[in-house]
Amino acid sequence: MSVASARTAARGRGDRGQAGGAEVIAFGLLVFVVGALLAASAWGVVDAKGAVTAAAREAARRYVEARSADEAERSARAAAAITLAGYGRDPARATVTISGGFTRCQPVVVEVQYRMATVALPWLGRVGPVTTVHGRHAEIVDPWRSGPPGGARCPA
């Protein structure tokens, strides 16, 4: 064997100059877990946005379909709570705001705000900063239905 081939063979043996070993697998797994948590957190915010938008839509529909102003307010808030619970969200963390009046042709805007933690970990629960997700929907009280006060024609 020549001197040059002996040097090349000696370079291929041993651990000197090794960039990483088993610790790289642990680091890669840690990066993967953190990335998966970030993706799940982003999806949680998207899912909550869908829930509050659906809650606002259902509350606005219930409001404009009610027979009286008292019933409208009560049924709109109940519809928002039921919809949030249906999406697996806690209705106690939501705030429902209703703008507009119970008069024919009156626009009614329902806004639902839901406070949630950014990250939910299996054993630690919800951690991280609190995010508020907003949903909004508008409806017009039907001019031809019986019950609401006001004229039967909407202004142009």
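Side-chain atoms of V141 and T103, non-hydrogen and from C-beta on, never get closer than 4.5 Å to each other. Inter-residue side-chain proximity for E65 and E139 is flagged as unmet; no heavy-atom pair is nearer than 4.5 Å. Contact annotation: the side chain of L84 never approaches that of R93 to less than 4.5 Å [non-hydrogen atoms, C-beta and beyond].
Residues V112 and V45 share a hydrophobic cluster, clusters being chains of Ile/Leu/Val/Met/Phe/Trp/Tyr side chains in contact below 4.5 Å.
To the nearest 0.5 Å, atoms NZ (K49) and NE2 (H134) are separated by 8.0 Å. The structure places OG1 of T83 at 13.5 Å from CZ of R89, a figure rounded to the nearest 0.5 Å. Atoms CE and CG, from M116 and D90 in turn, are 12.5 Å apart once rounded to the nearest 0.5 Å. The structure places CZ of R62 at 9.5 Å from CD of E71, a figure rounded to the nearest 0.5 Å.
In this structure, G101 and Y63 approach most closely via the heavy-atom pair C-OH, 3.9 Å.
A donor-acceptor distance shorter than 3.5 angstrom exists from the side chain of R77 to the backbone of V96, with no hydrogens or angles considered.
By the side-chain contact (heavy atoms from CB on, under 4.5 Å) test, A59 is found to be paired with A76, A80, V110, residues two or more places apart in sequence or in another chain being considered. Looking at residues two or more places apart in sequence or on another chain, you find a side chain to side chain donor-acceptor pair (under 3.5 Å) between T131 and T118.
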